[in-house]
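What follows is a short report on a single structure.
Chain letters run A, B, ... following the sequence lines, proteins first and then strands; every chain starts at 1.
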Amino acid sequence: MDDTIKLALETIAQDKQAIVFCSSRASAEKTAEDIAKKVILTNQERKDQAKEISNSCLKVISPPTKQCKRLSAMLTKQIAFHHSGLHSKQKDTIETEFKHGNIKIICATPTLAAGLSLPVFRVICKSLKRFTGRFGMSWIPTLEYLQMAGRAGRPEYEDFGEAIAIAKTQNEKDEIYQRYICGKPEEIYSKLNVEPVLRMYLLSLIASGIIRDTDQMSEFFAKTFWAHQFGDLEELEEIIQRMLKLLEGWGFIVLGDLKKEQKRSLSLGKQKNSKNQKEDANDLFTSALEIVSNKTMKLEKSKESKDNGVFSVQLRATKIGKRVSELYLDPLTANHLIECLDKVQYRIDQAKNQSTGDQLKTTAFSYLQMISNTLEMRPRLRIKVKEQEYYSNVLLQHYEELLQEEPDVFDLNYNDFMNSIKTAEFFQKWINEVGEDVLLDEMNVRPGEIRVKLENANWLIYSCSELAKILNYKSQLAPLQRLRIRIKFGVSEEILPLLKLKGVGRSRARKLFNQGLKTIVDLKNSSQTDLTTILGPKLAASIKDQLGQKVEPIKKGKRTGQMNLGKFT
DNA sequence: GTATGCTGCGTTTAGACAGCATGTC
DNA sequence: CTAAACGCAGCATAC
């Protein structure tokens, strides 16, 4: 039998608890399941307790997903898995019930290591390797090992705790000993992801007025702990230089007083070719940039340049640049969104001018793909090998609606682009009321991920409408707002009016609609009795009340309102 | 006949943070 | 420089 499973069972035999850290979700689920298979609960009280927890996790989503069922089944044995795909309510109950001692083993991905304190007698690391795109399976950072191992030992209950790392070979054993037991935790800092961070950082520093010119900028970055950590100051200079130029080209900042604030796409009637626009902008700024290049950023030489009396170039955020910074958008994303909004607006204007002919339509899918292809929406839903054909069809189907060009098939970004199509398709299904169980089966999105995606989408769409306001694209505000509500509730267009009522969400609105109550007016004309049969007495009364109509006292029937409500939620 | 186990091959692979507005029986 | 394990299908064996 697997050593991990042996150790887990032995822990249970001691009537203690353990966390098993696994390197993938599939592994966490499977390991937990394998352990659960071998567990036999004898104590009736424990059985009942476990059953109760199992049920409460099962009914978090209705209808339950296969993930819910799998979790629920093993909770019966006081075993659980834990990873980011779980619904947050399930995560919560698992954590609290583990604390209460009602769950004996949790098989988890690193979520649990980073999260709140969840001390335990024994930590078992099934594997200390993890897949990384670039290097295949590689050792996890020492710091992460320490975090996981640090869960072991509960000062309140135990004198000590155990952290056990499983090695598959003698070689691995030595390596683990050297690397994790003797090794020092590495610096947290990585050079890999500097650019996006720097983009945002730079813009926010300028927008907030902390940095007003290139002198201050140089000074600021030279002094930063971050710059110190980065080490290679010249490389940092280059990056800052590049970011500055990008921010300027995107119209988020203005250099010096050489030019008035760039008005971006404010005139509605005019077709804007964004590429040309950008080039123009770059031309205009060349002189300013040259000054900057020659003068700033030579951090080591900054004294020298000051002595030479070269003047500093002013840095100022534009109106839209400020808003981008406030919205906490990556400027690259913001630019992408703005370009897409430009395109939508162009289509709208064209449609106004010529009434005939085929117009390129902007649909919900257009916007959904737009937000799906941002950095913020990463990681996108991945297209599996067998799904490729399906999603090329989806792409074809929505081709005309897209607001960005399809990259070349051999482009490195092509995969990512296709994943944005799948992600958009996921949102599309969500706002057409497809259930979470189906979404998991068909698209491999788990409830936990769904929540994160929806939150991001909500934020991005909100940001879009804020940008649209500044760009004066008024005609896009309503569609964006509608889309935002649809995303939030996961509903189709047709039942939108019903959502204004308190206590009416995705499923209740659908119920009403299917009973022929499609609008607020329909509801006003319906009797409270009818509403009661659909939604139960309490909600029926509440709706009548919200509509400003007389509320008849609730009759006490065989079933109370409480029970009805329970059934619907 | 059904359940379980083994082998071989193709496929997949952790997580989390930002803003906003408002509410849940 | 630098994979490993899961899931599934197909087949063998146990009950």
Notebook entry, point to check: Counting side-chain heavy atoms from C-beta on, which of B/dT11, B/dA14, B/dA18 comes nearest to A/Arg130?
Noted result: B/dA14
Check: If you measure only the distance, is there a donor-acceptor pair under 3.5 Å linking the side chains of A/Ser84 and A/Thr111?
Finding: no
Check: What's the closest nucleotide to the A/Phe135 side chain, out of C/dT2, B/dG19, C/dC6?
Finding: C/dT2
Notebook entry, point to check: Between B/dT13 and A/Ser24, is there an OP1 or OP2 to side-chain N/O distance shorter than 4.0 Å?
Noted result: no
Notebook entry, point to check: At under 4.0 Å, does any side-chain N or O of A/Arg134 touch on OP1 or OP2 of C/dT2?
Noted result: no
Check: How many Å lie between CG on A/Leu143 and C1' on B/dA14, as a whole number?
Finding: 15 Å
Checklist line | Whichever of A/Trp459 and A/Ala26 has its nearest DNA chain B nucleotide further upstream toward 5' | finding: A/Ala26
Note to self: Here's a test of your reading of the structure: between A/Pro379 and A/Arg382, which maps to the more 5' nucleotide of DNA chain B?
What the structure shows: A/Arg382
Note to self: Side chain of A/Asn444, heavy atoms from C-beta onward: which of B/dC20, C/dA3, B/dT13 has the nearest atom to it?
What the structure shows: B/dT13
Item checked: Closest nucleotide among C/dC6, B/dC25, B/dT13 to the A/Lys126 side chain -> C/dC6
Notebook entry, point to check: Is the phosphate of B/dT22, meaning OP1 or OP2, less than 4.0 Å from a side-chain N or O of A/Lys502?
Noted result: no
Margin query: What I want to check is whether the side chains of A/Thr4 and A/Asp2 have a donor and an acceptor closer together than 3.5 Å.
Written below: yes
Next item on the list: Please check the phosphate of C/dC8 (OP1 and OP2 only) for any side-chain N or O of A/Lys384 closer than 4.0 Å.
Entry: no
Check: Phosphate oxygens OP1/OP2 of B/dG15: is one of them under 4.0 Å from a side-chain N or O of A/Thr109?
Finding: yes
Notebook entry, point to check: Roughly how many Å is it from CG in A/Asn458 to C1' in B/dC17, rounded to a whole number?
Noted result: 16 Å
Next item on the list: Check every atom of B/dA14, B/dT11, C/dC6 against the side chain of A/Lys30 and return the nucleotide holding the closest atom.
Entry: C/dC6
Check: Relative to A/Trp430, does A/Arg486 satisfy both conditions: NZ or CZ under 6.0 angstrom from the six-membered ring centre, and within 45 degrees of the ring's axis?
Finding: no
Margin query: Can you confirm whether the side chains of A/Arg510 and A/Ser492 place a donor and an acceptor under 3.5 Å from each other?
Written below: yes
Item checked: Interatomic distance, A/Leu128 CG vs C/dA4 P [rounded to whole Å] -> 14 Å
Note to self: Give me the distance, rounded to whole Å, that separates C/dG7 from B/dA14 when you measure between the P atoms they each carry.
What the structure shows: 12 Å
Check: Given atom CE of A/Met443 and atom C1' of B/dT12, what is their separation to the nearest angstrom?
Finding: 17 Å
Note to self: Just by distance, no angles: are the side chains of A/Lys544 and A/Gln528 close enough, under 3.5 Å, to form a donor-acceptor pair?
What the structure shows: no
Next item on the list: Name the nucleic acid region contacted by A/Glu455, choosing base, sugar-phosphate or nothing; use a 4.0 angstrom heavy-atom cut-off, strictly under.
Entry: base
Check: Within the structure shown, what part of the strands sits under 4.0 Å from A/Arg323 by heavy-atom distance: base, sugar-phosphate, or nothing?
Finding: nothing
Item checked: Side-chain N,O (A/Arg25) to OP1/OP2 (B/dG15) below 4.0 Å -> yes
Check: Which of these nucleotides, B/dG15, C/dA3, C/dC6, is closest to any side-chain atom of A/His83?
Finding: B/dG15
Next item on the list: Just compare B/dA16, B/dA21, B/dT13 and give me whichever is closest to any side-chain atom of A/Tyr462.
Entry: B/dA21
Checklist line | Where A/Ala149 and A/Ala163 come nearest, the two heavy atoms and their spacing | finding: CB-CB, 3.7 Å
Check: Does a side-chain N or O from A/Ser27 land closer than 4.0 Å to OP1 or OP2 of C/dC6, or not?
Finding: yes
Check: When the distance from NZ of A/Lys386 to P of C/dC8 is rounded to whole Å, what number comes out?
Finding: 9 Å
Check: Given B/dC20, B/dA14, C/dA4, which nucleotide is nearest the side-chain atoms of A/Lys129?
Finding: C/dA4
Notebook entry, point to check: Looking at C/dG7, C/dA5, B/dC20, which one has an atom nearest to any side-chain atom of A/Arg70?
Noted result: C/dG7
Next item on the list: Report which part of the nucleic acid A/Glu326 touches: base, sugar-phosphate, or nothing (heavy-atom distance under 4.0 Å, all strands).
Entry: sugar-phosphate
Next item on the list: With heavy atoms under 4.0 Å as the rule, sort A/Thr132 into base, sugar-phosphate or nothing.
Entry: nothing
Notebook entry, point to check: Roughly how many Å is it from CG in A/Asp545 to C1' in B/dC25, rounded to a whole number?
Noted result: 16 Å
